Amino acid sequence: MEILVAVIALAGALLAAVATGALIRRLRDEPEGWLIAWTVAAGALCLSLAAIGVGHVLGFGPVTFRLYQVTGSLLAPLWLAVGLIQLLSDKVPPRFLAWLFGIALTVVSVAILTFDPLRSTDLGKTLPSGSAMWGLIPDKLLIGVHAIDVLVLLACVVVAGLKWRGGDEYDTDNLHAVLVIAPSSIALVGAMRFSVPPLFTTALLAVGAAAIWYTVLRPLAPYEDDEDDLETPHDDVERRPGRRVAPEPMPVPVPAAEPPPVAPPRRSPGLGDLVAEYRAGDQQVDYAARMGAAPESGPATGYIMNGSPPPRMDTSPRMDAQPPRPDYAMPGTGVAYPGAELFSPSQPQQAGGRPSPSIYGLLTVFTIMDGAGDAFDRLAEATVEAVRRGEPDTLVYACHAVKSAPLQRIVYELYRDEVAYRDHQRQPHVERFLSERQAMVLATNVIELNVNAAKVVPLPTVMF
């Protein structure tokens, strides 16, 4: 029996070590609080299983017993619970208190369990019971830690269920993670707290490591929100079960089909008119001709990530010019940039210069509240700059003003693929944009795009 327990323990330790290494590699790109906490828990499970395997082969001693108890009985369930708090909390104070409590309890408990004398040093090759070996203070300390762990884990199950009832796919994924981590953690606490066969305890430790592996490293579910739900934070708006509520977009007036007897001076149409025509089904529109000249005033900020600075616009005639080709007009800018068709050099291209079918695009029309235009533009400027610096897979991210509709703003986005879009959604500057814009936006309308043909060149910039 000792050999079987040792084999299971060493196999579980190998699994936990591989999972810990994978989590550490992921931490380099995604330093999330829950990921840090579960990395600590996976490392603790690896050490605990290794101590069990060595003890059943060579015999337990004070060092292997303390290592098995400190990592498996204290650190693993504690930091699994802290990780669930980090995963489910939308506010900073609960996450900060969880970090503070977890670190303080870890330091104090590890010191006590390391230096408090054991009741016996003759342990043998069978997994010893913690309650039979610890003195009064360590035993009561572990009872208190285990009680706190169980209460936190049960509370996290309740919170995740409540969020899931009125949430979206993110809340569904979080509930899935909680339903995997919480039961395995509670079972682990029970195995450490009560006298159970060593084979069962070892198996539960290995199951805990496998639960972390599955929860963190499994492929994420595709988040395909409804058009009205994209980029709307679900914790800051009015909700009802099963969907997020967003205000209906205000209709944009469309010019009358029948011209008046005396034609008035035609104003320069804005992108709001184009969106209204698109939604009404009139898609046979020459957008480049309709947009006319570039707006003379109003914020129009954005960037195109193509790895090179904006070139000078050369308006001189060329002798070797080819026959004119259709240009791609950036929505809301009123400018069709001439030149060869291209995308970002890092953008995958198909044969013939067609853009990749995996490109994911969005066109979002915001109707802002009266008087909030300047604040919205400043927030958009900061968000665009953060995207430019830190999101290489975001191909186009531009915020436009609409000349004919001062209370409208257009955000045009192109991503390498939907994975890049989901990475964009998780960025801190995007979360800040989603949160702070709520007080400024009256209505939001989102149109998903498929890019069939495109020409993108660097935008000209103003030199100061």
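In this text the structure is predicted, and so the values were computed from the model without any measurement. All values below come from the heavy atoms of this structure, side chains included, with hydrogens, waters and symmetry mates left out.
A salt bridge does not link Glu381 to Arg378: none of the charged side-chain nitrogens sits closer than 4.0 Å to a carboxylate oxygen. Using a cut-off of 4.0 Å between Lys/Arg side-chain N and Asp/Glu carboxylate O, Asp393 and Arg416 are scored as salt-bridged.
When atom types are taken as modelled, the side chain of Ser48 and the backbone of Ala44 share no donor-acceptor pair closer than 3.5 angstrom. Of the possible donor and acceptor atoms, one in the side chain of Thr106 sits under 3.5 Å from a partner among the backbone N and O of Gly102. A donor-acceptor contact shorter than 3.5 Å links the side chain of Trp38 to the backbone of Leu80. Within the 3.5 Å criterion, the main-chain N or O of Phe60 finds no donor-acceptor partner in the side chain of Thr64. His56 places a side-chain N or O within 3.5 Å of a backbone atom of Ile52 that can act as its donor or acceptor partner. Using a distance-only test at 3.5 Å, with no hydrogens or angles considered, a donor-acceptor pair links the side chain of Arg66 to the main chain of Leu113. Without hydrogens or angle criteria, Ser73 side chain to Val70 main chain gives no donor-acceptor distance under 3.5 Å. In terms of modelled atom types and a separation under 3.5 Å, the side chain of Arg409 and the main chain of Ala380 share no donor-acceptor contact. The closest donor-acceptor contact from the side chain of Gln425 to the backbone of Tyr421 lies at 3.5 Å or more, if one exists at all.
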Test side-chain contact (heavy atoms from CB on, under 4.5 Å) applied to Leu74 and Gln69, step by step: CA-CA 7 Å; Leu74 172 69; Gln69 281 283 302; over 6 Å; no
Trace of the side-chain contact (heavy atoms from CB on, under 4.5 Å) decision for Leu449 with Glu413: CA-CA 9 Å; Leu449 307 173; Glu413 308 165 59; over 6 Å; no
Step-by-step side-chain contact (heavy atoms from CB on, under 4.5 Å) determination, Met440 to Leu379: CA-CA 10 Å; Met440 313 173 194; Leu379 178 62; 4.2 Å; yes
Test side-chain contact (heavy atoms from CB on, under 4.5 Å) applied to Leu362 and Glu448, step by step: CA-CA 5 Å; Leu362 290 176; Glu448 291 188 86; 3.6 Å; yes
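With rounding to the nearest 0.5 Å, the separation of OG1 in Thr383 from CD in Glu431 is 12.0 Å. For the atom pair CD1 of Ile8 and CG of Leu199, the computed distance is 4.5 Å after rounding to the nearest 0.5 Å. Taking CG from Leu67 and CG from Leu47, the interatomic distance works out to 5.5 Å, rounded to the nearest 0.5 Å. A distance of 9.5 Å separates CG in Leu141 from CD1 in Ile143, rounded to the nearest 0.5 Å. Atom-to-atom distance recorded for Leu15:CG and Leu10:CG is 12.5 Å, nearest 0.5 angstrom. Atom NE2 in His146 sits 9.5 Å away from atom CG in Leu78 (nearest 0.5 Å).
The shortest distance between side-chain heavy atoms of Leu118 and Trp134 falls below 4.5 Å.
Annotation: Ile137, atom CD1; neighbour count of heavy atoms from other residues, nucleotides and ligands within 6.0 Å does not exceed 12.
Between Leu188 and Gly72 the shortest heavy-atom distance is CD2-O, 4.1 Å. Among all heavy-atom pairs drawn from Val178 and Ala160, the shortest one is CG2-CB, 3.8 Å. Taking each heavy atom of Ala209 and Leu45 in turn, the nearest pair found is N-CD1, 3.4 Å. Residues Pro138 and Ile112 share a closest heavy-atom pair of CG-CG2, 4.2 Å. The two residues Ala177 and Leu87 have their closest heavy-atom pair at CB-CD2, 4.1 Å. Here the closest heavy-atom approach between residue Pro128 and residue Met133 is recorded as CB-CG, 4.1 Å.
Each of Thr172, Val180, Asn174 was scored for a side chain to side chain contact (heavy atoms under 4.5 Å, CB included) with His176, with one residue passing: Val180.
Classified by interplanar angle (parallel below 30°, tilted 30° to 60°, perpendicular above 60°), the ring pair Tyr397/His424 is tilted.
Ring centroids of Trp99 and Trp34 are separated by 6.0 Å or more, keeping the two rings apart.
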